Amino acid sequence: MAGTTSIAAGEPAAVERGRPDALDSLAHAALARVTGGLSPAAGLLAWYDWAIHLATSPGKQRSLLDKALRQQQRLAQYALRAAVMPDCPACIEPLAQDRRFADPAWQRWPFNVVHQAFLLQQQWWHNATTGVRGVSRHHEDLVTFGGRQLLDMWSPANFPWTNPEVLDAIAASGGASLWRGALNFAEDLRRTLLDETPTGTDGFEVGRNLATTPGKVVYRNRLIELIQYAPATPEVHAEPVLIVPSWIMKYYILDLSPHDSMVKYLVGQGHTVFIVSWKNPGRAERDLGMDDYLRLGVMDALDAVTSIVPGRKVDAVGYCLGGTLLAIAAAAMARDGDERLHGMTLMAAETDFRESGELSLFIDESQLAWLEAIMWDQGYLEGRQMAGAFQLLNSRDLVWSRRVREYLLGERETFNDLMAWNADTTRMPFRMHSEYLRRLYLGNDLAEGRYRVDGRPVVLADIRVPIFAIGTVRDHVAPWQSVYKIHLLSDTEVSFVLTSGGHNAGVVSEPGHPGRSFQVGTRAAGERYVDPQRWRADMPVREGSWWPAWQDWLARRSSGRMAPPPMGGAQGAYAPIADAPGTYARER
């Protein structure tokens with residue numbers, strides 16, 4: 001299947017509305033490297049919008065002044081009480097997810113007053129940047145986000161003289177903690193300058209202790225390797241499972257260590273599992289577009305699976321962007337009468353991008369102009385550039401708390417397999433990434449019926465196979481309320497899981513993982529819609545991993561058991577090329 005886009009073949013996506021001036025593109029690309037790919041124009045426009053409307057809103061100004069005076073009074077009263085009563089109630093509590101001041105040392109004077117003053121200031125700035133009449137929603141979100149980043153940077157937890165935990169560590173170690181922190185900083189700086197992988201990744205290697213489930217590469221093209229995994233049971237479920245991960249990540253997040261490998265779990269439950277391993281693109285792949293990812297990725301893999309396991313429909317699974325692409329493929333197949341799918345699982349995958357969370361802060365016309373300029377120059381978007389944007393979404397935990405722990409306390413975080421995978425970044429081809437951001441994030445073409453495959457629009461409501469969708473509670477990339485919108489866009493049966501954790505850790509949630517819980521419910525085809533808040537309130541919480549509930553859904557719908565298919569199929573058309581994990585997963 002070859003998708004058709006509105007851009008002429010071979011022409012970069014950024015030139016859709018006329019070829020850009022090369023000098024402008026080069027200038028923007030150079031500046032984008034200095035700003036980390038962020039558009040200063042986008043930030044300035046948001047700040048001007050907010051500042052002008054606030055300057056002409058005397059009622060809001062008065063409200064903020066009143067709040068500042070009340071907070072000063074509350075802080076003064078608290079400071080007096082805390083000086084004589086160390087256990088007196090706080091005047092403001094941090095948000096539930098804010099653990100910076102959880103240590104008992106922060107309750108000592110004067111650090112209790114210091115962190116309470118910071119939390120009051122944080123609350124005031126949130127009020128100042130929100131609720132200003134006339135400010136566009138996108139600009140309000142940008143200003144609020146920017147204000148939060150600045151406050152997180154200047155948190156008293158980030159400086160040794162205002163952080164009692166750091167001072168206690170210095171006293172207890174005789175200053176050795178700071179020396180260890182300096183060594184940690186020097187090592188990280190050296191690795192960054194030499195473009196080496198982060199400290200801790202040396203203990204992990206793809207094919208040695210990551211991505212070790214036995215299997216073979218049975219198909220390869222210029223974009224993917226298709227891996228078929230060896231059976232672990234005498235009989236298998238009749239319908240094979242094809243997994244389409246996101247190309248923003250290496251596939252082996254779903255085949256990490258043996259104890260938390262989703263692939264190994266499925267194989268152990270009697271499923272024939274195939275997975276797509278995407279190539280890490282470089283300059284040569286700059287003109288690969290969304291249509292190429294659909295044709296060379298999903299459809300070529302599906303052709304191979306149905307040839308290897310003939311006469312059987314396929315349970316297709318898509319994760320993140322891979323789920324979005326799978327939904328596009330399923331809609332196109334339904335439109336064209338292609339009935340090779342048995343069911344579809346969407347893991348943390350958006351199909352409607354109108355409420356895509358804070359990631360949308362980095363996506364507007366101004367921001368895309370800068371991104372397209374730097375991609376036009378490089379031919380791709382660096383994985384590090386994208387990883388930086390993801391870190392900003394949760395900078396309090398992923399940036400500042402980590403630096404305090406490693407550089408001020410001198411404590412190295414224990415590296416695990418998920419962190420090693422996260423450090424193994426991938427690139428995005430220029431054309432594909434521009435098309436994806438413009439057509440899906442900015443235009444929301446898929447949800448609104450404008451996304452075209454083979455020159456004709458596809459509609460998710462055409463899909464008739466059952467859908468199993470997973471959202472995660474703390475997802476900064478694909479908020480669960482956005483994932484839940486599959487209920488609005490499809491008319492088929494939808495089983496929905498809401499699981500604890502974030503975009504990655506919530507999906508890699510193996511049985512036995514401590515502290516995991518989930519909710520699950522099914523809407524039959526034709527049943528009335530229930531909004532996400534009501535759904536969450538009504539569904540009972542179940543302790544443990546959601547994997548067994550999903551596996552039960554797969555097994556319950558299976559048409560029976562059969563002998564495992566031979567690796568690559570009986571005809572030899574897909575004879576094994578190499579052992580898993582193949583070559584594409586090892587590319588840097």
Side-chain angles (χ1 to χ4, degrees), residues 1 207 211-221 223-245 251-252 254-255 258 261-278 295-319 322 325-326 329-330 333 338-345 347 465-466 468 547-548 550-585:
M1 177 186 297
T212 59
T213 304
K216 300 286 186 182
V217 175
V218 295
Y219 175 72
R220 178 187 294 142
N221 62 30
L223 188 58
I224 70 164
E225 290 181 332
L226 181 67
I227 300 172
Q228 179 182 355
Y229 289 95
T233 55
E235 291 187 328
V236 295
H237 294 285
E239 288 75 26
V241 175
L242 169 61
I243 303 176
V244 183
Y251 87 88
Y252 65 87
L254 302 178
D255 185 27
S261 167
M262 179 182 286
V263 167
K264 186 176 186 294
Y265 173 79
L266 288 173
V267 171
Q269 296 297 317
H271 295 278
T272 301
V273 179
F274 297 81
I275 197 165
V276 169
S277 175
W278 299 98
R295 175 173 48 84
L296 299 174
V298 179
M299 300 314 299
D300 276 11
L302 186 60
D303 290 343
V305 172
T306 52
S307 295
I308 294 170
V309 192
R312 301 294 181 179
K313 294 186 177 183
V314 177
D315 275 309
V317 182
Y319 181 16
L325 189 67
L326 176 61
M333 292 170 68
D338 186 337
E339 298 181 349
R340 288 181 291 171
L341 293 186
H342 183 248
M344 182 170 67
T345 298
M347 300 189 300
V465 298
F468 195 97
W547 289 10
W550 175 45
Q551 197 285 135
D552 179 66
W553 180 82
L554 291 170
R556 190 172 63 248
R557 296 171 40 259
S558 174
S559 60
R561 295 264 185 165
M562 56 180 278
M567 298 295 283
Q571 304 301 319
Y574 293 94
I577 302 170
D579 291 332
T583 58
Y584 287 175

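Because the structure is a prediction, the values reported are computed rather than measured. These numbers come from the heavy atoms of this one structure, side chains and all, not from hydrogens, waters or symmetry mates.
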Identify the heavy atoms of Ala211 and Tyr251 that sit nearest to each other, and give their distance. CB-OH, 3.8 Å
For Gln269 and Leu554, what are the C-alpha separation, side-chain angles and deciding distance, and is it a side-chain contact (heavy atoms from CB on, under 4.5 Å)? CA-CA 10 Å; Gln269 296 297 317; Leu554 291 170; over 6 Å; no
Evaluate the side-chain proximity of Ile275 to Tyr319: yes if any heavy-atom separation is below 4.5 Å, no if none is. no
Regarding Asp303 and Arg340, does a basic nitrogen lie under 4.0 Å from an acidic carboxylate oxygen? yes
Would you call the rings of Tyr265 and Trp547 parallel, tilted or perpendicular if under 30° counts as parallel and over 60° as perpendicular? tilted
In short, Ala330 meets Leu341 closest at the heavy-atom pair CB-CD1, 3.7 Å
Out of curiosity, Lys264 NZ to Asp255 CG, how far, rounded to the nearest 0.5 Å? 9.5 Å
For the CD1 atom of Ile227 and the OG1 atom of Thr213, what is their distance to the nearest 0.5 Å? 9.5 Å
Closest heavy-atom contact between Met562 and Val309? CE-CG1, 4.4 Å
Give a yes or no on whether the backbone of Tyr584 and the side-chain of Glu225 come within a donor-acceptor separation of less than 3.5 Å. yes
Please round to the nearest 0.5 Å and tell me the distance separating atom CZ of Phe274 and atom OH of Tyr574. 10.5 Å
Backbone N/O of Lys313 and side chain of Glu239: donor-acceptor pair under 3.5 Å: no
Distance check, rounded to the nearest 0.5 Å: His237 atom NE2 versus Arg561 atom CZ? 4.0 Å
Measure across Leu296 and Ile224 and return the closest heavy-atom pair with its distance rounded to 0.1 Å. O-CD1, 3.4 Å
Side chains of Leu266 and Ile243: closer than 4.5 Å at any heavy-atom pair? yes
Looking at CG of Leu226 and CG of Leu302, how far apart are the two atoms once the value is rounded to the nearest 0.5 Å? 10.0 Å
Ile308 side, atom CD1; Thr272 side, atom OG1 - distance, nearest 0.5 Å: 10.5 Å
How far apart are the closest heavy atoms of Pro466 and Arg557, and which atoms are they? CG-NE, 3.9 Å
Under 4.5 Å between any side-chain heavy atoms of Leu254 and Val317, yes or no? no
Heavy-atom check, side chain of Pro581 versus side chain of Tyr252, under 4.5 Å: no
For the side-chain contact (heavy atoms from CB on, under 4.5 Å) test, which of Leu242, Val267, Val236 pairs with Val273? Val267
I'd like to check Pro245 versus Val276 (side-chain heavy atoms, cut-off strictly below 4.5 Å). Are they in contact? yes
Is the shortest side-chain heavy-atom distance between His271 and Ser558 below 4.5 Å? no
Minimum heavy-atom distance between Gly268 and Thr233, given as atom pair plus value: O-CG2, 3.7 Å
If we only count heavy atoms from C-beta on, is the Pro565 to Gln228 side-chain gap below 4.5 Å? yes
